[in-house]
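Atoms within each ligand, like the ligands themselves, are counted from 1 in listed order. Everything quoted here is computed from the prediction, not taken from an experiment.
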Amino acid sequence: MHPLEQLRDDALREIEAARDEKSLEGVRVKYLGKSGSISEWGERMKTLGKEERPVVGKLLNQARNAVTAALDQRGEKLRAEKESDALASMDISLPGTPHDTGSLHPLHQMHELAEGPDIETEWYCFDALNTPPDHPARNEQDTFYLPDGRLLRTHTSTVQIRAMESAPPPIRVIASGAAYRRDELDATHSPQFHQIEGLYVDENVSVADLKGELEFFMRELFGADSEVQFRPHFFPFTEPSLEVYVRSKALKGGEQWIEVAGCGMVHPAVFEAVNKARGDNAYDPEKWSGYAFGLGMDRLAMILFEIPDIRLFGQNDLRFLRQFA
Ligand code: DAH
């Protein structure tokens with residue numbers, strides 16, 4: 001047997017005997033590495049005579065190919081074994097690695113349905129809502145203006161106009177989202193807060209419908225034994241206008257009346273503004289009437305979740321948020 005054949009057989013035996021990838025690599029280096037015993041025959045070729053050279057060259061190639069193939073095969077097998085060992089030793093009954101799933105922000109839990117843009121024109125925020133430029137209500141709702149004259153909406157009542165512009169009566173709309181005012185930030189005021197807006201326009205809608213709906217809503221929210229009170233107020237876009245107060249044993253103290261919403265019957269001037277924008281008389285104030293309301297979401301969430309400070313909503317502190325998960 002030629003020594004190359006002997007080396008080849010030794011290598012194949014050692015490859016078969018290798019129990020892990022590291023010892024397999026040892027075998028490769030020993031025989032096929034730069035100064036491995038099979039590789040050395042490549043150098044030795046140069047010293048051989050013309051007759052012998054092609055014979056040894058052939059043997060060398062065969063040895064190299066056989067050993068390389070065996071190394072590949074054994075390597076593959078060892079890797080597969082290692083993987084199935086890892087799987088076999090895995091206890092699938094163990095609990096998984098827990099990871100944080102996050103949860104809905106308390107304001108988000110109160111937030112549903114239609115939306116309008118936060119950045120609005122003065123027309124949607126004021127003019128169309130019967131609040132012309134010289135109206136004192138504009139001072140009470142001072143906000144942040146963009147260089148192009150647009151503003152951050154001071155209430156979600158803007159969505160009333162957008163809804164009526166895009167669909168004829170009868171309509172029912174609930175919209176919610178952020179509103180902005182130039183208020184100093186303290187425990188009960190924030191330059192950004194959130195509202196829920198409601199609008200219902202149909203034939204023969206009356207204050208009785210408005211009161212019925214809001215009383216129902218408040219009792220669903222604060223409990224069946226809640227008391228609801230409507231007090232006269234002023235809003236430019238409703239006539240008459242009312243404020244909604246709630247008192248409930250479920251709420252702190254149970255003695256105090258808490259103001260939770262503004263509401264009223266849609267002012268005919270609002271319908272007229274919408275008609276002008278639409279270019280028709282779809283919201284004919286002689287034919288249609290409606291009620292609207294606006295609720296402060298932050299306030300409601302603070303009462304319901306017993307949150308003492310409005311600033312907590314905006315701080316994204318997980319210790320706060322996890323209490324409502
Ligand atoms: N937009 C009013 C505010 O932010 C709240 C309000 C009052 C909304 C009366 C209404 C309404 O829809 O009819 O103070």
### Message
Using only atom types and a distance under 3.5 Å, with no angle test, would you say the side chain of Glu197 pairs donor to acceptor with the backbone of Ser157?
### Response
yes
#### Entry: Part of Ser157 with heavy atoms under 4.0 Å of ligand 1, whether side chain, backbone, both or neither
side chain
### Check: Phe237 ring centroid to His155 ring centroid under 6.0 Å
yes
### Minimum-distance protein heavy atom relative to atom 3 (C) of ligand 1
Arg181 NH2, 3.5 Å
### Query
Any chance the rings of Tyr200 and Tyr291 have centres within less than 6.0 Å?
yes
### Query
For ligand 1, which atoms, with element, lie under 4.0 Å from some heavy atom of Gly294?
6 (C), 8 (C), 10 (C), 12 (O)
### Task
Could you tell me the residue and atom name of the protein heavy atom closest to atom 12 (O) of ligand 1, and the distance to it rounded to 0.1 Å?
Glu197 OE2, 2.6 Å
### Message
Looking only at distances, can you tell me whether any N or O atom of Gly262, backbone or side chain, sits closer than 3.5 Å to an N or O atom of ligand 1?
### Response
no
### Message
Can you confirm whether Asp85 is buried at CG, in the sense that more than 12 heavy atoms of other residues, nucleotides or ligands lie under 6.0 Å from that atom?
### Response
yes
### Query
Which ligand 1 atoms, with their elements, are less than 4.0 angstrom from a heavy-atom of Phe237?
1 (N), 2 (C), 6 (C), 7 (C), 8 (C), 9 (C), 10 (C), 11 (C)
### Query
Looking only at heavy atoms, which two atoms of Val228 and Arg219 are closest? And how far apart?
N-NH2, 4.5 Å
### Aromatic plane relationship, Phe324 with Phe320 - under 30° parallel, 30 to 60° tilted, over 60° perpendicular
perpendicular
### Query
With only distance considered, is Gly198 within less than 3.5 Å of ligand 1 through an N or O on each side?
no
### Message
Quick check on Tyr291 - does any of its heavy atoms sit under 4.0 Å from an atom of ligand 1?
### Response
no
### Message
Can you see whether Tyr124 has Arg162 sitting over its ring - NZ or CZ less than 6.0 Å from the centre and within 45° of the normal?
### Response
yes
### Task
Pull out every atom of ligand 1 sitting under 4.0 Å from any heavy atom of Gln195, numbered as shown with elements.
3 (C), 4 (O)
### Summary
ligand 1 atoms nearer than 4.0 angstrom to some heavy atom of Thr238 are 13 (O)
### Query
So, Lys34 and Glu40, do they make that salt bridge, N to O below 4.0 Å?
no
#### Entry: Atoms in ligand 1 flagged as close to Gly264, the criterion being non-hydrogen separation under 4.0 Å
13 (O)
